[in-house]
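Here is the structure we will look at.
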Amino acid sequence: MTAELIDGKKAAERLRGQVAELAAAFAADAGRKPGLAVVLVGEDPASSVYVRSKGKATVAAGMESFEHRLPVDTDQDDLIALVDRLNADPAVDGILVQLPLPDGLDAQAVLTRIDPDKDVDGFHPVNAGRLATGLNGFVPCTPYGCLMLLKSQLGDLSGLNAVVIGRSNIVGKPMAALLTAADCTVTIAHSRTKNLPHHLAHADIVVAAVGRPGFVRGEWLKPGATVIDVGINRTADGLVGDVEFEGAASIAGAITPVPGGVGPMTIACLLRNTLVAAHRREGIALAADAI
Ligand SMILES: Nc1nc(=O)c2c([nH]1)NC[C@@H]1CN(c3ccc(C(=O)N[C@@H](CCC(=O)O)C(=O)O)cc3)C=[N+]21
Ligand SMILES: [Mg+2]
């Protein structure tokens, strides 16, 4: 292993510390804490664990956590009615509906119902449009966390070749938009891409978000590349990323581990977005470079 390990856990702790300080200042100013509502439908064990750790992180950052656990057979109208109540609740700055939703529920309809200014996941089409056109909105937490890790690792990203593998609305597309805005030359690769190794051979930055364990091989990388592994795959060998770690770590310049890389940053960015939402909703200024 010659690559530097990018410590997402440490970066996330630092960000959470900054959020906590600013949340305390907000509470002193506004007379209330920033509030995050998390909605979980059903009892998927992995989702339950995420929701619990989000709730804990929210409280630890000095914010209010509102947890709504609904039965697996909740119908669409009841879920929409809950979103409407949260949209109207002045104590709620951010709303997150945990995905995936159980079969039979229309996730797109639910996400589109969330007030875009409370959409701290950044999944609403209005926020996707804001990101695509350079307006201030909410950026999805996982790609935002990846960008923070890249900037703290590399500084200025201008002119670098970046290959994003995966084109989901949640990671790949917003990641490509963020890297484009940071003046990278961006390639979006996906399951139909021909000759992925050809594209990776020129990539200074690789963001892997394909959801297939060990899909990206070390020998495909440009020596010294910075590799961000978004994959969280539960296998017989435990939790592994989308990048074949051992091989990649002998060729890359820097790489995120799984776990302890992107995952912790996702939660820290959720708190960051909630803090920003609270300031915007109360009309309290937050210095652009504060966080
Ligand atoms: N509306 C919505 N927003 C989300 O942001 C969202 C979602 N739904 N559904 C599920 C995915 C997944 N996700 C993760 C968050 C943190 C870790 C994380 O902290 N992972 C740790 C530990 C992982 C473990 O041990 O299971 C790590 O990578 O080190 C992982 C995954 C957010 N998601
Ligand atoms: Mg794909």
Side-chain angles (χ1 to χ4, degrees), residues 36-58 65-89 92 94-116 118-129 131 138-143 145 164-175 188 190-192 208-215 229-242 258-259 262-263 266-267 269-270 273-274:
L36 173 64
V38 175
V39 179
L40 175 62
V41 187
E43 282 164 21
D44 175 67
S47 291
S48 274
V49 171
Y50 288 140
V51 167
R52 197 167 319 120
S53 58
K54 280 169 191 163
K56 269 202 269 177
T58 304
S65 171
F66 307 102
E67 253 182 59
H68 294 267
R69 291 173 179 266
L70 304 180
V72 67
D73 60 355
T74 297
D75 63 41
Q76 184 79 13
D77 292 346
D78 291 339
L79 183 52
I80 293 282
L82 173 58
V83 169
D84 286 345
R85 283 212 313 279
L86 297 173
N87 282 340
D89 185 340
V92 171
I95 302 170
L96 178 147
V97 177
Q98 182 73 14
L99 300 177
L101 288 171
D103 287 347
L105 291 173
D106 178 354
Q108 204 48 53
V110 172
L111 297 181
T112 305
R113 191 77 172 201
I114 295 172
D115 178 346
K118 294 190 177 189
D119 171 37
V120 287
D121 257 332
F123 294 165
H124 193 290
V126 163
N127 281 317
L131 174 60
F138 292 105
V139 174
C141 302
T142 297
V164 178
I165 314 172
R167 54 178 157 179
S168 71
N169 290 333
I170 291 174
V171 183
K173 281 190 237 174
M175 187 77 248
I188 303 177
H190 47 74
S191 52
R192 300 299 174 92
V210 273
R212 288 165 67 176
F215 177 77
D229 191 346
V230 180
I232 305 237
N233 305 291
R234 283 165 217 287
T235 72
D237 301 336
L239 208 61
V240 303
D242 291 346
V258 177
V262 172
T266 297
I267 294 188
C269 286
L270 175 67
N273 280 353
T274 303

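By convention here, the first residue in the shown sequence is residue 1. Because only heavy atoms are used, hydrogens play no part in the values below, and waters and symmetry mates are left out as well, while side chains stay in. Since this is a predicted model, take the numbers as computed values, not measurements.
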Looking only at heavy atoms, the pair that brings Pro140 and Phe123 closest together is CB-CE2, 4.0 Å

Heavy atoms only: give me the nearest Pro259-Leu239 pair and the separation to one decimal.
CB-CD2, 3.9 Å

Can you measure from OH (Tyr50) to CG (Leu99) and round to the nearest 0.5 angstrom?
12.5 Å

For residues Gln76 and Gly104, report the shortest heavy-atom separation together with the two atoms involved.
OE1-O, 4.4 Å

Tightest non-hydrogen contact, residues His124 and Leu111, listed as CD2-O, 3.4 Å

Measure from the side-chain N and O atoms of Asn127 to the backbone N and O of Phe138, and report whether any donor-acceptor pair falls under 3.5 Å.
yes

Which heavy atom of Asp242 sits nearest to which heavy atom of Pro213, and what is that distance?
OD1-N, 4.4 Å

What I'd like to find out is whether the side chain of Pro125 reaches to under 4.5 Å of the side chain of Thr112, using heavy atoms alone.
yes

Can you see which heavy atom on Arg69 is nearest to which on Ser48, and at what distance?
NH1-OG, 3.6 Å

Quick one, Leu105 and Val110 - any side-chain contact, counting heavy atoms below 4.5 Å?
no

Between CG of Asp77 and CG of Leu82, what distance do you get to the nearest 0.5 Å?
12.5 Å

Go through the steps to decide whether Arg167 and Ser191 satisfy the test side chain to side chain contact (heavy atoms under 4.5 Å, CB included), and finish with yes or no.
CA-CA 9 Å; Arg167 54 178 157 179; Ser191 52; 4.0 Å; yes

Could you measure the distance from the NZ atom of Lys173 to the CG atom of Leu131? Nearest 0.5 Å is fine.
12.0 Å

Determine yes or no for a side-chain-to-main-chain donor-acceptor pair under 3.5 angstrom, with Lys118 supplying the side chain and Leu86 the backbone.
yes

